[in-house]
K.L.:
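My questions all concern the structure below.
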Amino acid sequence: MSLVLNFWLRVTSLFSGFGEQFRAMNKWQRYSAYGLGVVALYLLPYWPDVPVLGQIVNTPGSQFETVLNDQVVIFVLIALGLNVVVGIAGLLDLGYVGFYAVGAYVTAILTSAHGNLPWLLALPIAVVISMLFGVILGTPTLRLRGDYLAIVTLGFGEIIRLTAKNMDWLGASRGISNIKKPPSMFGLKFGVLDAKPYFYLGLTMVFIVIFILHRLEYSRVGRAWVAIREDEDAAELMGVNTFKFKLWAFTIGAGIGGLAGVHYAGKVGFINPDNFPLQLSILFLAAVVLGGSGNMYGAILGGILVAYMPERLRNFSDKRILVFGIVLVLMMVFRPEGILPKRVGNEHKKRRAKSQEGEVAS
Amino acid sequence: MSEVLLDFNNVTMQFGGVTALNEVSLQIKQGEILGLIGPNGAGKTTCFNVMTGVYAPTLGTVSFEGKNLAKLKRFEITKVGIARTFQNIRLFSEMTALENVMVGADARKKASVGGAILRTSRQRHEEKESRERSMELLQFMGISDRAETAARNLPYGYQRRLEIARALATEPKLLCLDEPAAGFNPAEKEELNELILKIREQGYTVLLIEHDMNVVMKVSDRVAVLDFGQKIADGLPADVRNNPAVIAAYLGVEDNAS
């Protein structure tokens, strides 16, 4: 047992050690590392063809690039959005699947059921409408705190699903089919069989979202969010318009959830209410918490793991959910702050520098 | 000492059957340091909470520069020019010292989500201004050497001073300090005294709640005393010190005074 624990600690410290080494690099080294990383990510669908690596990453029983797009990209997008709400602003949202569903349904309505718009035009409309739903849900409920907010949002997720299930206009339980695919662009054709173009599109969305969130996080807005998470009353007494910034966090989170829904609808071409169960909300939250709530890169890692591991472990068939559950429980016990916890200040850097000096001296 | 900055007019504050403040009238004048003292439970912190909008008074009005505070939200009161610290330290513990102060400085800034995403020139300018001003304040409070440390990892004395820096960052006209010397040793209290005087020199008006008589008597221009929610004295420190009602409140009255 202690052997396992020791190994685990080593693995996790490897992650954080990597981050610090990365920070220590100079500008050019860092940019080229970023560049290489981005290229490697866009080449992800081809990784299974690489000799040894391929054996490790490939998913048995399902097509690798389909897993990448339909699972990983969607989960990463959603983990990014949910991290704003839960991780940064500290608002526990248990109904996040609702926004995902709104994004998907708006796309379906506009491009198939009740309209004939192209996918590309439906995208901004769906994102805006998702954000609007964020405002609609947030305005009355953000006066609540903690557990109460969690319960209300939990209800919201279910309301969306049940409404879709019971309204003929929304296709009821039959769902909506023939949703338009993204148009061909940059030589990519979005067909039925090849998931790679969707993956490239989704990955690009992820990068855009990261860019936007990064700017928000290191600004007055990001500081207000963290201040609200840390102590809402004190934040308000320091002049933070807490309601406004909570609503923004909710809205931006909703927009990103909606974006993921648009991408999903465009890929699968067919949605029904069963695609948006409550269980997904829980998995989304698990992704954020597992990866490291409050740290964008932690949330991304969490999204990747939660989406990818069950597929990778498909050989264990039914038991994979059990394995996944055990991993989650172990995480909560041994590293409750997540795999990549948020780091504040420079203390840890100093400590590391000191311990390195010590090593050199001895 | 001229204009009245904050006017506490016949304020009564009731919580259910408990009357925490009973028809308290208190004026704070521009540029002074007013000490507010009283035994435990006298209503000092309630006074603060009414002022900063945490509670709405049951009766009476609080006005700041002639403006009634009753209709304002808490964050708006900060913008009007009242800032406070907390008796039990309430920093944003997962933020660095500098970020804590920047949250205060942000109160006067405008750039929001759009500005941050587009990095408009106004946003960049405000960001730079916030950062520089916050760093200055940390230097002023003598804690800039730990600017990049998470607030929760700061030593106690630093945390206390960081609270004052954060409050100053909101550019208040009136700074309310709620027991800033709590838990300090005599040498630290001495330092704090000087700091409070320095803050006043910079043009801030200070309202000071404090238990420690040495601190209050040395620093304050004027002292008001609360007991059981009522103001029992208000005057120069030396007068208040010798006021029989104050002595009685603090030491109790002998039953058979002869």
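In what follows, every chain begins at residue 1, and chains take the letters A, B, ... in the order their sequences are listed. Hydrogens, waters and symmetry mates play no part in the numbers below; they use all other heavy atoms, side chains included. What you see is a predicted model, and the numbers here were worked out from it, not measured in a lab.
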K.L.:
Based on non-hydrogen pairs under 4.5 Å, which of B:A116, B:G115, B:A107 is most in contact with chain A?
P.N.:
B:A116
K.L.:
Would you mind telling me which of B:G104, B:A167, B:S130, B:A111 has the largest number of heavy-atom pairs within less than 4.5 Å of chain A?
P.N.:
B:A111
K.L.:
Count the heavy-atom pairs under 4.5 Å between each of B:R108, B:E94, B:R166 and chain A, then report the option with the highest count.
P.N.:
B:E94
K.L.:
What part of A:V221 gets within 4.5 angstrom of chain B, counting heavy atoms only: side chain, backbone, both, or neither?
P.N.:
side chain
K.L.:
Of all the heavy-atom pairs spanning A:S219 and B:E127, show the shortest one and how long it is.
P.N.:
CA-OE2, 3.7 Å
K.L.:
Which heavy atom of A:D231 sits nearest to which heavy atom of B:F92, and what is that distance?
P.N.:
O-CE2, 3.6 Å
K.L.:
Below 4.5 Å, heavy-atom pairs only: which of A:A224, A:G239, A:G294 has the largest tally toward chain B?
P.N.:
A:G239
K.L.:
Can you tell me if CG on B:N88 sees more than 12 non-hydrogen neighbours from other groups inside 6.0 Å?
P.N.:
yes
K.L.:
Check B:E99 with A:R223, please: is the shortest side-chain N to carboxylate O separation under 4.0 Å?
P.N.:
no
K.L.:
Quick check: are there more than 12 heavy atoms from other residues, nucleotides or ligands sitting under 6.0 Å from CZ of A:F133?
P.N.:
no
K.L.:
Let me know if B:K109 has heavy atoms under 4.5 Å from chain A in its side chain, its backbone, both or neither.
P.N.:
both
K.L.:
So what's closer than 4.5 Å to chain B heavy atoms on A:L213: side chain, backbone, both or neither?
P.N.:
neither
K.L.:
Might you point out which heavy atoms bring B:T78 and A:L237 nearest each other, and give the distance in Å?
P.N.:
OG1-O, 2.9 Å
K.L.:
Taking C-beta and beyond as the side chain, do B:R74 and A:D233 meet within less than 4.5 Å on heavy atoms?
P.N.:
yes
K.L.:
Measure B:A83 against the heavy atoms of chain A and call it side chain, backbone, both or neither at under 4.5 Å.
P.N.:
neither
K.L.:
Could you have a look at A:V226, A:I212, A:N241, A:L216 and say which one has the most heavy-atom pairs with chain B under 4.5 angstrom?
P.N.:
A:N241
K.L.:
Can you tell me which portion of B:I77 sits under 4.5 Å from chain A's heavy atoms? Options are side chain, backbone, both or neither.
P.N.:
neither
K.L.:
So which part of B:T52 gets closer than 4.5 Å to some heavy atom of chain A, the side chain, the backbone, both or neither?
P.N.:
both
K.L.:
Within a reach of under 6.0 Å around CZ of A:F207, are more than 12 heavy atoms found that belong to other residues, nucleotides or ligands?
P.N.:
yes
K.L.:
Rounded to the nearest 0.5 Å, what's the gap from CD1 on B:I117 to CZ on A:R215? Could you check?
P.N.:
9.5 Å
K.L.:
Is the number of heavy atoms from other residues, nucleotides or ligands within 6.0 Å of OH (B:Y156) greater than 12?
P.N.:
yes
K.L.:
Find the distance between CG (B:N100) and CE (A:M238) and round it off to the nearest 0.5 Å.
P.N.:
9.5 Å
K.L.:
At a heavy-atom separation under 4.5 Å, does B:E76 approach chain A through its side chain, its backbone, both, or neither?
P.N.:
neither
K.L.:
Where do A:W248 and B:S112 come nearest, in terms of heavy atoms and distance?
P.N.:
NE1-OG, 3.8 Å
